[in-house]
Amino acid sequence: MTIHLFDTMAGATRELVPLEPGHIRIYTCGPTVYGPAHVGNFRTLAASDLLVRYLRYRGYHVTWVMNVTDIDDKIIKRAREEGISVGELASHYELQFLSDLDTIGIARPDVMPRATEHIPQMVELIQKLLAGGHAYVTDDGSIFFRISSWPEYGRLARIDPEGMRVGERVQADEYGKDDVRDFALWKGPSADEPSWDTAIGRGRPGWHIECSAMSTTYLGQPFDIHTGGIDLVFPHHEDEIAQSEAATGKTFVACWFHCGFLQMGGQKMAKSLGNIASVGEVLARGVSSRALRLALISAHYRTPLAFGDESLQAASSAVDRLDALLGALAAYRTDRPDDASLPLLLGATRAAFEAALDDDLNMSPALAAVFDLVRELNRRIDARTLSAADAGRAIAFIRDLDRVLAIAPAAEDRLEPELQLLLDERAAARTGSDWAASDRLRIVLAERGILVEDTRDGQRWRRAE
RNA sequence: GGCGACGUACCCAAGUGGUUAAGGGGGAGGUCUGCAAAACCUCUAUUCGGCGGUUCGAUCCCGCCCGUCGCCUCCA
C-alpha cells in the first residue's frame, strides 16, 4: 500500500510520490507570536505532526520546517500596547508556543525559521519579482505583487480574480495600489515601526513573502507538502504560490494539505468570535495533555471537529482506557505458553491501522483498530490466555503504533521511594487480610495522586491526572 | 452575490450500491471482586435531514428542498 493524501490544488486524493525517493519535505505555516495560540491553531499543527509522524513511521526521511512570524502588524500593535519591544513580545510568545507544542506532543520541527532572520532571502525574492514585472513600488516605498501579471492567480482557491469582492476597508499601507486586489510584498517604512535597510529600500516584509522565502530556503523548490489551516488557502497560500512561481517559473509545492476547523459552540474557534481556549486553560480545567492531544486528532483532519467539555471528557476516558490496558499488561504474571494467535491479532491490527492512515490519514478507523485491540487484549488478560512474554509483546506493539499517535503514557514511570513504601506496606496488609489498613493506605496514596487498583496480578497504580 | 464543505444513535464520529451501519464517550442490566476501581458480557440507529429519480436493490449515485458551517477581509 502507498500513502494517499488529499491535495487542495488537485481537489482530489492522490498518491504521495516523494520528489526525492525516500525523503519528504514539509513546510507548515506556523504561529504569529503576538499572543498565546489557541487549541484551534494547534489542531492544524497536530494534524501536520500526525502527517510527519506517520511518514516517519512508514520509513520516510522527513524534513519538517515551520516558520515563526515575529514581525507583523499585530505584533507591532500589541507591543506598543504593552510598552515593550517587538522583539521582547515575540520571543516571549515564541517560548510559550514551543512549550505548548511539547505539551500536546507535537514533535519539534527540524527547522523553525524566524521571519526577522530571513530578510535578505525575502528581498532577493522581491527583486526577482520586480525584475520580472510582477511587482511595483509605490510612493511610500511599499512594494505590491501585481495580480494581473499572473494569470494562474486563484487556481488553488478556485477563485476568479475578476469576481473577487473588494473589501470595504482601505488601510494606509494600501494607498497607491494599482489594483485593490494586489497584495503587499514589502511595507514602506513608518517612523514608529521596525524597519530594515535593504536593496529594495527601507521597510519591513509583508506577511506572505516570508513563507515563500523561508520554505524554499530550507526545502528547495518545489517541495513535497505545504500544510496549514483551511482558512489560509485564500489569500495566504494563493499569494505564496503567485510569488514563488512568478519569481522562479517553477512549481512551488507538490501537495497542499489543509486542516479543517476546530469548532466550539458550532462555530469555528476564532479570536474574533471569542470562543477560544488556550492550552493552558484546558489543562487548568484538569484535562491531561494526552487527552487534549487525542481530542485534537480523533477525527479526520479535513472535517470540522467539535471541541468542548464533552469531547475532552470522551478523550480523557479513552486515554484512561489505554492506560489501564498498558498497566494491566505490565502487571500481568502467569505461567503458560505463548498465545499462538497473538501474532495474527497484532498483524491484523497493524494492517487495519496502516490501511486507514494510508488513506489520507483517516484517523477514525485507525483509532477503531487500536481500541478493537484494546478490548481483545483485555479479554485475553481476563481469560489468562497470554504468556508473560505475550504481554510484553503487546506493550511493545502498542508503543510502536504510538510513535504515530503519541497518546500513551511515558514508558518508565517509577514511583517515588516514599510512595513505593506505602504501596509495599499496603501489599503486606493485604497479604494479612487487614482490609482496614489496606483501605486506609489506598486513601493515603490517592491523596498523593496515586490511584491503586487490586487485581489478581497484585496492586496496580497509576497517576491521577 | 460567488465558491465550497457537511447533515449517520443521547453526544463525538467512521463507513458501504445488496452481507451484523465501525470506534470512542454516555446510559441500563449482568459477571468477576473483602470493598473500591478496572475489565469482560448483553442491551442502547430495521435506520443514515426531507422529497423525488436512476436501479432488481440506495444511507451510499442524480435532482430539488430544508438546515448547519466555512472561504471570498486579519485568521490554524
Side-chain angles (χ1 to χ4, degrees), chain A residues 8 11 28-32 37-48 72-74 154 157-171 180-181 207 227-236 238 258-263 266-273 294-295 298-300 302-325 327-328 331 352 356 362-383 430 433-436 438-439 442-443 446 451-456 460 462:
Chain A
T8 305
T28 297
C29 285
T32 297
H38 58 72
V39 291
N41 301 135
F42 286 109
R43 183 204 181 182
T44 294
L45 303 179
S48 303
D72 102 314
D73 295 354
K74 291 192 293 278
R158 292 173 171 68
I159 279 176
D160 175 7
E162 297 304 317
M164 274 172 66
R165 201 187 245 191
V166 174
E168 296 292 311
R169 293 176 306 154
V170 178
Q171 295 176 350
V180 281
R181 301 165 307 180
W207 175 35
T227 80
I230 189 76
D231 52 348
L232 295 187
V233 171
F234 192 90
H236 186 52
E238 193 69 58
H258 289 110
C259 186
F261 288 123
L262 193 64
Q263 295 191 332
Q267 286 183 303
K268 162 189 181 179
M269 181 177 287
K271 287 192 187 78
S272 55
L273 291 168
L294 181 59
S298 62
H300 183 91
R302 283 191 287 115
T303 65
L305 173 61
F307 183 85
D309 290 336
E310 287 191 339
S311 74
L312 288 168
Q313 183 53 53
S316 292
S317 297
V319 165
D320 286 347
R321 185 163 162 76
L322 186 64
D323 289 3
L325 171 71
N362 197 351
M363 272 304 278
S364 290
L367 286 172
V370 171
F371 283 97
D372 279 340
L373 176 69
V374 169
R375 184 189 304 106
E376 187 54 36
L377 288 172
N378 273 322
R379 274 189 195 134
R380 294 180 190 212
I381 289 169
D382 280 4
R430 296 184 61 74
S433 296
D434 183 353
W435 307 128
S438 170
D439 290 348
R442 184 164 60 200
I443 292 167
L451 305 179
V452 182
E453 295 167 8
D454 299 305
T455 74
R456 59 195 295 182
R460 194 158 75 214
R462 61 195 168 91

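Every chain is numbered from 1, with letters handed out A, B, ... down the list of sequences.
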Can you check the distance between B:G27 and B:C10, where both ends of the measurement are the P atom (answer in whole Å)? 16 Å
Does the B:G70 base have a donor-acceptor partner in the side chain of A:D231 within less than 3.5 Å? no
Counting only side-chain nitrogens and oxygens, does A:N362 get under 4.0 Å of the OP1 or OP2 atom of B:A22? no
Between CG of A:L294 and C1' of B:A13 the distance, given in whole Å, is 12 Å
With a 4.0 Å cutoff (strictly under), does any side-chain N or O of A:S298 reach OP1 or OP2 of B:A14? no
Is there a donor N/O on one and an acceptor N/O on the other, under 3.5 Å, for the side chain of A:R321 and the base of B:G24? no
Whole-Å gap separating P (B:G70) and CD1 (A:I230): 13 Å
Describe the nucleic acid contact of A:L45 in one word from base, sugar-phosphate, nothing, applying a heavy-atom distance below 4.0 Å. nothing
Choosing from B:G25, B:C74, B:G34, which nucleotide comes nearest the side chain of A:S317? B:G25
Can you tell me whether the side chain of A:S311 and the base of B:G25 have a donor-acceptor pair closer than 3.5 Å? no
OP1 or OP2 of B:A39 sitting under 4.0 Å from any side-chain N/O of A:N378? no
How close or far is atom P of B:A5 from atom CZ of A:R302, stated in whole angstroms? 10 Å
Checking B:A37, B:C35, B:C11 against the side chain of A:R430 (C-beta onward), the nearest is B:C35
Under 4.0 Å from OP1 or OP2 of B:G24: is there any side-chain N or O of A:R375 that close? yes
Applying a 4.0 Å non-hydrogen cut-off, can you work out what A:F371 is touching in the nucleic acid: base, sugar-phosphate, or nothing? sugar-phosphate
Just the rounded figure in Å: distance from P of B:C11 to CG of A:L305. 16 Å
Could you give the distance separating B:G29 and B:A21 at their P atoms, to the nearest angstrom? 27 Å
Any side-chain heavy-atom pair from A:V233 and A:I230 closer than 4.5 angstrom? yes
Nearest-nucleotide check on RNA chain B, A:H300 vs A:E376; residue mapping nearer the 5' end is A:H300
Over how many whole Å does the gap from A:R380 atom CZ to B:A38 atom C1' extend? 20 Å
What distance, rounded to whole Å, do you find between the two P atoms, one in B:U16 and one in B:C60? 13 Å
Both A:G266 and A:T32 contact RNA chain B. Taking the nearest nucleotide for each, which residue is further toward the 5' end? A:G266
Side-chain donor/acceptor contact of A:R442 with base of B:A36 under 3.5 Å: yes
To the nearest angstrom, how far is A:H236 atom NE2 from B:U73 atom P? 16 Å
Look at the side chain of A:R379 and decide which nucleotide, out of B:G26, B:C41, B:A22, has an atom nearest to it. B:C41
More than 12 non-hydrogen atoms from neighbouring residues, nucleotides or ligands closer than 6.0 Å to CZ on A:R158, yes or no? yes
Whole-angstrom distance between B:G30 and B:C11, as gauged at atom P: 26 Å
Set of residues satisfying ring pair (Phe, Tyr, Trp, His ring centres under 6.0 Å) with respect to A:F42, sequence neighbours excluded: A:F97
Can you sort out the partners of A:A368 under side-chain contact (heavy atoms from CB on, under 4.5 Å), two or more places apart, ordered by chain and number? none
I'd like to check the side-chain contact (heavy atoms from CB on, under 4.5 Å) partners of A:E310; sequence neighbours left out, ordered by chain and number. none
side-chain contact (heavy atoms from CB on, under 4.5 Å) partners for A:L312, two or more places apart: A:V282, A:R285, A:V287, A:L292, A:A295, A:F307
Rounded to the nearest angstrom, tell me the gap between atom NZ in A:K268 and atom C1' in B:C71. 8 Å
If you measure from the P atom in B:C72 to the same atom in B:A22, how many Å do you get, rounded? 39 Å
So does A:T44 reach the base of B:A76 with its side chain, donor to acceptor, closer than 3.5 Å? yes
For B:G49 and B:G7, measure between their C1' atoms and round to the nearest Å. 6 Å
For A:D382, the side-chain contact (heavy atoms from CB on, under 4.5 Å) test, sequence neighbours excluded, returns none
Dot-bracket notation for RNA chain B, counting Watson-Crick and G-U pairs under 3.5 Å, with | for partners on another strand: (((((((..(((.....[....)))((((((.......))))))....(((((..]....))))))))))))....
Could you tell me whether the side-chain ring of A:W435 sits stacked on the base of B:G34, using a centroid cut-off under 5.5 Å and a plane angle under 30°? yes
In whole Å, measure the gap between the C1' atoms of B:U55 and B:G67 for me. 29 Å
Atom-pair distance (CG on A:D454; C1' on B:G34), nearest Å: 10 Å
When we call it a touch if two heavy atoms are under 4.0 Å apart, what does A:A270 touch: a base, just sugar-phosphate, or nothing? nothing
